[in-house]
Q: 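I have a structure I would like to understand better, so I am pasting it below and will then ask my questions one at a time.
Along the sequence shown, the residues carry numbers beginning at 1.
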Amino acid sequence: MTILDKIEELLEEIKHLEASTPEEIEALRLKYLSKKGEINRLMADFRTVPPESKKQVGLKLNELKFQAQEKINFLKEKCQTLETQDDSLDLTRTPYPIELGTRHPLSIVKNEIIDIFSRMGFTLADGPEVEDDAHVFTKMNFAADHPARDMQDTFFIEISEQDVTRNILLRSHTSSVQARVMETTQPPIRVICPGRVFRNEAITARAHCFFHQVEGLYIDKDVSFTDLKQVLLTFARELFGPDTQIRLRPSYFPFTEPSAEMDISCHICGGKGCGFCKHTGWVEILGCGMVDPNVLELCGIDSKIYSGYAFGLGIERITNLKYHVADLRMFSENDVRFLKEFEAAN
């Protein structure tokens, strides 16, 4: 077989080349156009061609190389076109460029709070946001005429079932989860209850109709106020730093007795007094107290054998203390510019 016959055979072979993937196209390029490919081997044989035939063979070799390069380029463009068409038909793909999101500041703080209490032996408990009056108020020792039961404070929903009307409401605190846990679990109980709560309040920079809480409950034999104080001191120092001091002021809550509100030393001025702490050196962060015996009895726990403590704090309040967010509305407006400020905290 002469060199011209070999060229004609390769020309016919190249006309019928097919490939559907970049890998297959690259394999064809290596076979025909690489230094050790078919065309380069014919170029090497060109030296043995008689002088009178060199012009004819040279033209054919150039044609062969040109046809091979054109075919490879055509296959590449065809493959790229198919990939582009496939992309355009996938309507579920995320638009480009894909930006990585960040955790919401409330989620960052909530997870940090949960982690601290989990390391102290507390487990997570959850309950419904749409609750009944019994778990939100009655079992928490709220009097029948307590102001929290009024429509101006709580979102009530009246549902009529078989001519019996019962009050259903959006929970105003996560204490309802504590009631459900005490109903179904025998002491010792040590839980924290994070969740969203609702209050019938005007939305302003300092208040919102929904916000987030974390409440804690510990019930066992011989639980004392000293136990509560030590847990809260440990929590405050884990969250705000080892130099943080706390103070407890007498207060009142229907479900605890005695009750207290807890302040921490201002972590901005170190307790010396500044605009943030209103020049007192202290900032309130939570309410707490010993579980009222009435609450234990209403939930089926013998108050003569068991005692316990409870505490509750607002996640927005803690987030404000850590990140100095002036307007509570920013937490729920989903402004990505605001959320991007917390990228480093993730």
Side-chain angles (χ1 to χ4, degrees), residues 1-112 114-115 124 126 194 196 212 319 323 325 329-346:
M1 181 182 290
T2 65
I3 191 171
L4 282 173
D5 292 332
K6 291 180 182 178
I7 292 172
E8 290 294 340
E9 183 177 295
L10 286 176
L11 280 170
E12 189 64 21
E13 189 175 316
I14 287 169
K15 284 181 183 178
H16 298 90
L17 291 180
E18 290 293 338
S20 57
T21 66
E23 292 75 17
E24 292 175 353
I25 296 170
E26 179 62 12
L28 292 177
R29 188 192 69 79
L30 293 174
K31 179 180 179 180
Y32 294 103
L33 295 171
S34 67
K35 289 184 178 180
K36 296 182 180 180
E38 298 283 353
I39 295 176
N40 263 7
R41 279 202 288 271
L42 289 178
M43 291 288 189
D45 293 339
F46 182 73
R47 295 193 297 268
T48 64
V49 174
E52 62 271 16
S53 302
K54 280 186 180 293
K55 182 177 180 181
Q56 182 185 8
V57 174
L59 290 172
K60 277 292 184 181
L61 277 174
N62 288 337
E63 180 186 356
L64 175 63
K65 188 173 182 180
F66 176 80
Q67 291 295 336
Q69 189 64 61
E70 283 292 296
K71 187 68 174 183
I72 296 297
N73 290 341
F74 169 78
L75 292 174
K76 284 182 179 179
E77 291 177 3
K78 182 180 177 182
C79 185
Q80 290 172 355
T81 301
L82 288 173
E83 289 179 351
T84 303
Q85 289 176 346
D86 289 342
D87 288 347
S88 65
L89 292 174
D90 186 0
L91 301 180
T92 65
R93 292 188 66 170
T94 305
Y96 295 97
I98 299 174
E99 292 190 12
L100 295 178
T102 63
R103 289 191 182 277
H104 195 281
L106 295 180
S107 296
I108 296 170
V109 174
K110 182 187 74 172
N111 291 340
E112 190 174 355
I114 291 172
D115 178 64
L124 284 176
D126 195 14
R196 183 168 53 177
H212 301 78
T319 307
Y323 300 117
V325 179
R329 292 170 293 192
M330 298 182 74
F331 289 130
S332 56
E333 288 179 347
N334 296 322
D335 189 330
V336 294
R337 296 170 299 177
F338 171 69
L339 299 178
K340 282 181 178 294
E341 295 179 13
F342 298 90
E343 287 179 337
N346 284 272

Q: Any side-chain heavy atom of Asn40 sitting closer than 4.5 Å to one from Ser34?
A: no

Q: Pick one: which of Asp45, Leu4, Leu42 meets side-chain contact (heavy atoms from CB on, under 4.5 Å) with Val57?
A: Leu4

Q: Applying side chain to side chain contact (heavy atoms under 4.5 Å, CB included), run through Lys110 and Arg103 and close with a yes or a no.
A: CA-CA 11 Å; Lys110 182 187 74 172; Arg103 289 191 182 277; over 6 Å; no

Q: Which value, rounded to the nearest 0.5 Å, describes the distance between Leu106 atom CG and Phe342 atom CZ?
A: 8.5 Å

Q: For residues Lys65 and Ile39, report the shortest heavy-atom separation together with the two atoms involved.
A: CA-CD1, 3.9 Å

Q: With the side chain counted from C-beta on, respond yes when Leu28 and Lys71 share a heavy-atom pair under 4.5 Å apart, and no when they do not.
A: no

Q: Is it true that Glu38 and Arg41 have a side-chain N and a carboxylate O under 4.0 angstrom from each other?
A: yes

Q: Rounded to the nearest 0.5 Å, how far apart are CD of Gln67 and CG of Leu64?
A: 8.5 Å

Q: Taking only residues two or more places apart in sequence, or in another chain, which ones meet Thr48 in a side chain to side chain donor-acceptor pair (under 3.5 Å)?
A: none

Q: Can you measure from NZ (Lys60) to CG (Leu10) and round to the nearest 0.5 angstrom?
A: 12.0 Å

Q: For the CD atom of Glu26 and the CG atom of Leu75, what is their distance to the nearest 0.5 Å?
A: 12.5 Å

Q: I need the minimum non-hydrogen distance between Pro194 and Asp126, along with the two atoms involved.
A: O-OD1, 4.4 Å

Q: Measure the spacing between CD of Glu77 and CD1 of Ile25 and express it to the nearest 0.5 Å.
A: 10.0 Å

Q: Find out whether Ile72 and Tyr32 are in side-chain contact, i.e. whether some heavy atom of one side chain is under 4.5 Å from a heavy atom of the other.
A: no

Q: In Å and rounded to the nearest 0.5 Å, what is the CG to CZ distance from Leu17 to Arg29?
A: 14.0 Å

Q: Please check this pair: side chain of Glu24 against backbone of Ser20, looking for a donor-acceptor N/O pair closer than 3.5 Å.
A: yes

Q: Are the side chains of Leu339 and Pro105 in touch, meaning some heavy atoms are under 4.5 Å apart?
A: yes

Q: May I ask you to check whether over 12 heavy atoms, not counting those of Glu13, lie within 6.0 Å of atom CD?
A: yes

Q: Any non-hydrogen side-chain atom of Phe331 less than 4.5 Å from a side-chain atom of His104?
A: yes

